Trainee: 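Encoded as C-alpha cells, here's the structure I'll be asking about.
Values below: every heavy atom of this structure, side chains too, minus hydrogens, waters and symmetry copies. Residue numbers begin at 1 in each chain, while the letters A, B, ... track the order of the sequences. Quick caveat: nothing in here was measured; it's all calculated off a predicted structure.
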Amino acid sequence: MTTPWSPTDFSAKVIEYYHAHGRKHLPWQGTQDPYKIWLSEIMLQQTQVTTVIPYFERFIESFPTVTDLAQATDDQVMQHWSGLGYYSRARNLHKAAQIIETEFSGVFPQDPETIETLPGIGRSTAGAIASFAFGQPTAILDGNVKRVLARSYAIEGWPGNGKVLKALWQRAETNTPQQETAAYNQAMMDLGAIVCTRSKPDCPDCPLSKHCLAYNSNSIEQYPGKKPKKARPSKSVYWLINIRQEKVLLHKRPPSGIWGGLWALPEVQQKEMSPDQIQQLDPFVHKFSHYDLQVQPLLLSSNADKALVEKNSHPSIMEPAQADWFSLNQLNEIGLPTPVSKLLVKLLEDS
DNA sequence: AACTCGTGGGG
DNA sequence: TCCCCAAGAGT
C-alpha cells in the first residue's frame, strides 16, 4: 500500500523538477510584465501552447501595452484573435484593459481577489497572474494540474463535476507552497504537459511516481475521470455571398452567441430566392466541439434582389445586425470566423 | 449544475 | 475518419 505525498515533499519534488526540466523560454516567460502574463493566460485557456505562440507575438507587436489595447478598436482586437476561437476571451480582454485604464489608473491590480473581478479572469487565471507577475502564493488549477493531482492522489470522478472540482481545488491549495510559488505553478503545468500526459504518461521518469497513488495501483488510465459523452446535434444554414464592385457584404454578429463580434456572411435558414438568381457552391460541414454546422454557400448573381437578401439577413427585426461591404484588403482588418475566411480566400483564388 | 463557447493536435 | 480535449470562464 503506497502512502500519498505529503504537501511539503510533493512541492519540493515539483520545484526541483522546475529547475531541472521546466519550460523557461516561452514568449511570455522571462518577464514579470503583468500585461504579457495576463494576455498569455487568456490565450492559453483551452488552447495549446503551439497554437498560441504566433497569436501572442502578433498581438504584443500591435498592442505592446495595456494602454494600447484599451485604445484599440473592437475590430482591431477581433482581427488579432481571428482563428484562435472562444472569441468572448478577446471581448473580455478588451473590456478589462479599459477597466484597468479607467478604474486602476493603468496599473494592473496585484491581489488575486481584485484580479478575479476583471472580465474573463476566473480563479485559476487570477492565481496564475498573481503568482507569475507578483510572486504571490496563489494556487492554480488548469487541465495539467487537475491531471497531476487526480493521479497523484487518486481523486476519482470527472473534474467538471462540482464535488470533484472542489476536491481538486482543496488539494491544489494544500499543496501549493508559500515560497517559490511561481516555480511550483509553472512546474505543475510542465509536468502535466510533458510527463503526466493524458495518454502514455512517462511514469518511470516522473519525480512524483514514488508516491503516486494511481501509478502504484496500476490505474493511471482511470484518472482523471472522463467527461460523459453526449450526442452532437447538427444545424443547417445558408450563407449568402454577395459581391459587388470587388466588395463582399458581411454582417457583424451580435456579442453573445457563436462567433460573437466577428464579421460573417449573412446567414439564413431558408432560401427564398428563385434558382436563377443564385449559384449553389460546394456545401461543407464545419465541426464545432458541441455541434456540426452544415453550410450551403449561395453565390448571388448580380441581378439578384438585394432587398430580399437584406430582409432575410435580419432574423430579428428588433436587433438588426450591422452590415457593411468590405474589399479584399479590408478583410485583413476585421475578425472573421475561420470557415468564412477559408471560403472567401478560396472564392477569390478561383476568380 | 448544466450548457455555451472555436479550433486544431494527436491517437 | 472519429473522438477526446487543450494553461477555463460566464451564464
Side-chain angles (χ1 to χ4, degrees), chain A residues 22-23 26-29 36-56 78 81-93 95-96 115-129 131-132 139-148 157-166 168-169 172 182 185-194 196-201 221 224-233 235 253-262 264 285-293 335-342:
Chain A
R23 291 175 290 185
L26 294 169
W28 44 87
Q29 296 182 312
K36 289 184 180 175
I37 291 165
W38 169 41
L39 175 64
S40 74
E41 292 300 330
I42 301 301
M43 285 188 166
L44 287 161
Q45 287 170 0
Q46 300 289 281
T47 311
Q48 296 185 358
V49 169
T50 53
T51 302
V52 165
I53 289 174
Y55 281 88
F56 178 85
M78 298 316 290
W81 214 273
S82 186
L84 196 54
Y86 285 148
Y87 298 96
S88 65
R89 293 183 297 176
R91 297 194 303 276
N92 283 332
L93 186 79
K95 278 185 212 162
I115 294 173
E116 199 178 338
T117 66
L118 293 167
I121 301 181
R123 184 174 175 183
S124 185
T125 300
I129 296 170
S131 63
F132 293 141
I140 63 171
L141 189 64
D142 73 331
N144 291 308
V145 179
K146 285 173 186 170
R147 191 165 52 253
V148 173
W158 174 51
N161 176 286
K163 287 185 178 178
V164 178
L165 188 62
K166 189 174 179 182
L168 287 166
W169 266 115
N185 282 345
Q186 183 59 50
M188 284 294 282
M189 292 192 285
D190 293 340
L191 275 168
I194 299 165
C196 193
T197 49
R198 75 182 160 97
S199 62
K200 298 182 185 175
E221 284 71 23
K226 288 172 187 170
K227 175 182 176 177
K229 51 182 158 190
K230 295 174 183 173
R232 262 204 343 218
K235 285 193 205 174
R253 299 183 66 99
S256 64
I258 198 79
W259 296 328
L262 298 188
V285 180
H286 182 73
K287 291 175 175 303
F288 292 109
S289 48
H290 45 315
Y291 65 94
D292 288 350
L293 186 68
L336 297 172
T338 295
V340 173
S341 182
K342 285 181 178 171

Trainee: If I take atom CD from residue A:E116 and atom CD1 from residue A:I129, how far apart are they, to the nearest 0.5 angstrom?
Mentor: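 Reported to 0.5 Å precision, the distance equals 10.5 Å.
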Trainee: Could you give the distance separating C:dC5 and B:dG6 at their C1' atoms, to the nearest angstrom?
Mentor: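 Each nucleotide's C1' atom is 12 Å from the other's.
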Trainee: For the residue pair A:K146 and A:L141, establish whether any side-chain heavy-atom pair is separated by less than 4.5 Å.
Mentor: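 Yes. Closest side-chain heavy atoms under 4.5 Å.
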Trainee: Do the rings of A:F56 and A:W28 sit parallel, tilted or perpendicular, given the 30° and 60° boundaries?
Mentor: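 Perpendicular: the ring planes of A:F56 and A:W28 meet at over 60°.
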Trainee: Return whichever of A:W28 or A:P119 has its heavy-atom-nearest nucleotide of DNA chain C closer to the 5' end.
Mentor: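 It is A:W28 whose nearest nucleotide is closer to the 5' end.
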Trainee: Using a heavy-atom cut-off of under 4.0 Å over every strand shown, decide if A:W81 touches base, sugar-phosphate, or nothing.
Mentor: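 No contact.
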Trainee: First locate atom OG1 of A:T47, then atom CG of A:L84, and finally report the distance between them rounded to the nearest 0.5 Å.
Mentor: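 With rounding to 0.5 Å, OG1 (A:T47) is 5.0 Å from CG (A:L84).
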Trainee: Between A:D142 and A:S124, do the side chains contain a donor N or O and an acceptor N or O under 3.5 Å apart?
Mentor: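 On atom types as modelled, these side chains do not qualify, holding no pair under 3.5 Å.
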Trainee: Do A:L293 and A:V285 come within less than 4.5 Å of each other through their side chains, counting heavy atoms only?
Mentor: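 The answer is no; the side chains never approach within 4.5 Å.
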Trainee: Between C:dA7 and B:dT4, how many Å separate the two P atoms, rounded to a whole number?
Mentor: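 Result for the P pair: 24 Å, nearest Å.
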Trainee: Quick one: does A:R232's side chain get under 4.5 Å of A:K287's, heavy atoms only?
Mentor: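 Yes, close enough: below the 4.5 Å cut-off.
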Trainee: Would you indicate whether the side-chain heavy atoms of A:L39 and A:L93 approach each other to under 4.5 Å?
Mentor: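 In short, these two side chains touch, coming nearer than 4.5 Å.
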Trainee: Could you run down nucleotides 4-11 of chain B 5' to 3' and tag each one B, S or - for protein heavy-atom contact under 4.0 Å?
Mentor: SBBBSB-S
Trainee: Can you give me the first and the last nucleotide of DNA chain C (5' to 3') that has an atom within less than 4.0 angstrom of a non-hydrogen atom in chain A?
Mentor: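 Nucleotide range with atoms under 4.0 Å of chain A: C:dC4 to C:dG10.
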